[in-house]
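In each ligand, atom 1 is the first atom listed, and ligand 1 is the first ligand listed. Predicted model, so just to flag it, every value in this text is computed and none were measured.
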Amino acid sequence: MKILITGGAGFIGSNFVNYMVEKYPDYQFVNLDALTYAGNLENLQKSEEKPNYRFVKGDITDRELVDSLVADGVDVIVNFAAESHVDRSITEPDIFVKTNIMGTQVLLDVAKKHNIKKYVQVSTDEVYGTLGETGYFTEETSLAPNSPYSASKAGADLLVRAYHETYGLPVNITRCSNNYGPYHFPEKLIPLMIINALKGKELPVYGDGLNVRDWLYVEDHCAAIDLVIHKGKAGEVYNVGGNNERTNIEIVKRILKELGKSEDLIRFVQDRPGHDRRYAIDATKIRTELGWEPKYTFKTGIVKTIQWYLENQKWWERIISGDYQKYYEQQYKNRLEEVHK
Ligand SMILES: Cc1cn([C@H]2C[C@H](O)[C@@H](COP(=O)(O)OP(=O)(O)O[C@H]3O[C@H](CO)[C@@H](O)[C@H](O)[C@H]3O)O2)c(=O)[nH]c1=O
């Protein structure tokens with residue numbers, strides 16, 4: 001089997017590449033990634049020497065390139081390539097529409113042209129919008145995205161669905177809750193808080209800190225996608241989530257406790273506009289139909305993650321010493337100023 005993985009140098013994508021390349025030595029893997037700010041070839045050191053792995057630098061909106069790769073005998077496409085950060089989508093929505101929607105359409109067209117056996121779209125629970133204090137997102141929940149990011153992912157999901165209904169393309173969509181683990185880019189809550197705490201810097205908590213996310217260790221998400229590739233029924237959507245709901249403030253306090261740091265580092269800052277209050281996934285379908293079970297609890301996953309950041313200081317030091325740090329400092333300053341107005 002030959003699998004084209006797009007966006008395989010980002011957080012979830014690189015974890016997936018490393019997981020699959022190791023698990024299936026007889027498969028061939030091609031990783032197409034544009035290496036934007038969030039992509040990093042260092043994430044792939046475990047795979048790069050393996051004979052069943054090849055990296056190609058390029059964009060999923062480049063039709064000619066995607067066509068040439070798929071024409072070379074690809075059986076399955078797994079699309080991780082996406083602009084993924086909600087805060088960035090609020091200030092720069094264009095690139096989200098281009099990569100997430102138009103890029104997906106290119107992949108679908110090429111998949112259709114070459115009659116591939118399976119197309120898997122890695123999506124997100126954010127397409128369902130927000131929940132109140134109770135209830136869960138099921139695969140039947142209506143799409144009601146609230147940010148330009150989630151709207152672009154929902155648009156892509158609808159295209160994937162349409163290519164199945166109209167052209168019979170064998171597709172699956174996975175919608176997972178918040179992931180955490182190794183190689184998580186430090187603009188996201190968990191790695192940002194770990195790194196700031198280690199550096200003795202302030203930890204910016206948006207709004208009242210009571211927004212709820214449902215956390216899943218990234219390896220459990222990789223195992224779910226592996227199952228969907230092999231067993232997913234064409235045209236189906238599968239929700240993925242580990243029933244680990246936590247408020248943001250709980251997460252931040254937990255990280256400080258694990259690192260032995262003071263809660264005085266916490267700063268409440270201006271809220272994210274359109275901030276979804278609560279996400280919670282009902283993953284009954286993938287559990288009962290495909291036999292997926294997460295291996296990690298939040299307790300085991302967060303300890304393993306913190307340990308990874310302690311052991312891989314060089315990886316994140318390089319990231320925070322570059323342009324990203326200037327961007328982050330500016331964002332933080334703006335949020336603090338707004339909240340003090
Ligand atoms: C970066 C940052 C975030 N937050 C809050 C906002 C959210 O309620 C929560 C998590 O924020 P983020 O880490 O940005 O993740 P979130 O917006 O939930 O979205 C993530 O999870 C989604 C899946 O639910 C993915 O589709 C997105 O690509 C991914 O970025 O923490 C803070 O309070 N302070 C912060 O500095």
Side-chain angles (χ1 to χ4, degrees), residues 7 10-13 36 38 79-91 96 99-100 121-131 136-137 143 145-154 156-157 173-181 184-197 201-218 221 239-242 244-255 265-281 283 305 320 324 327-336 338-339:
F11 163 49
I12 306 176
T36 64
N79 181 29
F80 290 92
E83 290 293 335
S84 73
H85 197 49
V86 176
D87 294 324
R88 288 183 192 250
S89 82
I90 294 167
T91 47
F96 285 73
T99 300
N100 300 0
Q121 176 76 358
V122 181
S123 187
T124 165
D125 58 358
E126 295 200 13
V127 297
Y128 297 121
T130 186
L131 290 166
Y136 293 89
F137 298 133
L143 303 191
N146 290 319
S147 70
Y149 159 67
S150 51
S152 69
K153 290 297 285 183
D157 284 11
I173 298 172
T174 60
R175 296 189 179 132
C176 191
S177 58
N178 285 62
N179 281 211
Y180 65 104
H184 204 180
F185 193 84
E187 66 187 345
K188 313 283 190 189
L189 181 76
I190 289 185
L192 180 69
M193 299 299 156
I194 297 173
I195 291 172
N196 278 11
K201 288 168 74 173
E202 294 177 353
L203 311 192
V205 175
Y206 298 171
D208 60 7
L210 296 178
N211 299 67
V212 172
R213 297 292 182 266
D214 182 355
W215 294 93
L216 185 71
Y217 191 68
V218 63
H221 186 190
N239 281 353
V240 187
N244 280 304
E245 286 183 52
R246 298 279 187 282
T247 61
N248 294 336
I249 193 70
E250 218 182 316
I251 298 274
V252 170
K253 287 185 177 170
R254 179 66 180 272
I255 290 169
L265 288 173
I266 296 173
R267 284 293 168 277
F268 287 94
V269 297
Q270 188 211 13
D271 208 353
R272 173 185 280 174
H275 197 177
D276 288 334
R277 193 62 174 169
R278 174 172 166 258
Y279 304 145
I281 276 281
T305 302
I320 67 168
Y324 162 68
Y327 165 86
Y328 168 72
E329 296 293 353
Q330 191 57 47
Q331 287 264 327
Y332 180 54
K333 218 173 122 238
N334 296 346
R335 284 190 190 280
L336 265 185
E338 277 298 321
V339 91

Which part of Leu192 is near ligand 1, with near meaning a heavy atom under 4.0 Å away: side chain, backbone, both or neither? side chain
Nearest-neighbour protein heavy atom for atom 1 (C) of ligand 1, which is reported as residue plus atom name and distance: Glu187 O, 3.2 Å
In terms of side-chain geometry, is the basic nitrogen of Arg335 or Asp271 positioned less than 4.0 Å from the acidic oxygen of its partner? no
Looking only at protein heavy atoms, which one is nearest to atom 30 (O) of ligand 1, and how far off is it? Lys188 NZ, 2.8 Å
Which residue supplies the protein heavy atom nearest to atom 24 (O) of ligand 1, what is that atom called, and how far is it? Asp125 OD1, 2.5 Å
Does Tyr327 have any ring-ring contact (aromatic ring centres under 6.0 Å, His included) partners at least two apart in sequence or in another chain, and if so, which? none
Ion pair check, Arg277 and Asp208, cut-off under 4.0 Å: yes
For Glu187, is there an ion pair with Arg88 - N to carboxylate O distance below 4.0 angstrom? yes
Are a donor atom and an acceptor atom from the side chains of Asn196 and Tyr328 found within less than 3.5 Å of each other? yes
Angle class for the Tyr279/Phe137 ring planes (parallel below 30°, perpendicular above 60°, tilted otherwise)? tilted
At a 4.0 Å threshold, what atoms of ligand 1 neighbour a non-hydrogen atom of Thr124? 22 (C), 23 (C), 24 (O), 25 (C), 26 (O)
Heavy-atom nearest neighbour of atom 8 (O) of ligand 1 within options Arg277, His275, Gln331: His275
Note: ligand 1 atoms sitting under 4.0 Å from heavy atoms of Val205 are 33 (O)
Which of the numbered atoms in ligand 1 are below 4.0 angstrom from a heavy atom of His85? 14 (O)
Output yes when a side-chain donor or acceptor of Lys188 lies under 3.5 Å from a complementary backbone atom of Asn179, and no otherwise. no
Is there a heavy atom of Lys153 sitting under 4.0 angstrom from any atom of ligand 1? no
I want to know if ligand 1 touches Tyr279 in the polar sense, i.e. an N/O pair below 3.5 angstrom. no
Quick one: do Asp125 and Arg213 make a salt bridge, cutoff under 4.0 Å? no
Could you tell me if Asn334 and Gln330 have a donor-acceptor pair between their side chains, going purely by distance under 3.5 Å? yes
Atom 16 (P) of ligand 1: nearest protein contact (heavy atom, Å): Glu126 OE2, 3.4 Å
Distance-only N or O hit between ligand 1 and Leu189, under 3.5 Å: yes
At what distance is the nearest protein heavy atom to atom 31 (O) of ligand 1, and which residue and atom is it? Asn248 ND2, 3.3 Å
Starting from atom 21 (O) of ligand 1, which protein heavy atom do you reach first, and at what distance in Å? Asn178 ND2, 3.1 Å
Compute the minimum heavy-atom distance from Tyr332 to ligand 1 and say whether it is under 4.0 Å. no
Any side-chain donor-acceptor pair under 3.5 Å between Tyr149 and Asn100? no
Consider only side-chain N and O atoms of Asp214 and Asn244, and report whether a donor and an acceptor are under 3.5 Å apart. no
Mind checking whether Tyr324 and Phe185 have ring centres under 6.0 Å apart? yes
Ligand 1 atoms in contact with Pro204 (distance to a heavy atom under 4.0 Å): 32 (C), 33 (O), 34 (N), 35 (C), 36 (O)
Would you mind checking which non-hydrogen protein atom is closest to atom 17 (O) of ligand 1, with the distance to 0.1 Å? Arg272 NH1, 2.6 Å
I'd like to check which ligand 1 atoms, numbered from 1 as shown, lie under 4.0 Å from a non-hydrogen atom of Tyr149. 25 (C), 26 (O), 27 (C), 28 (O)
Are any of the N/O atoms on Asn211, whether in the backbone or the side chain, positioned under 3.5 angstrom from an N/O atom of ligand 1? no
How close does the nearest protein non-hydrogen atom get to atom 28 (O) of ligand 1, and which residue and atom is it? Ser84 O, 2.8 Å
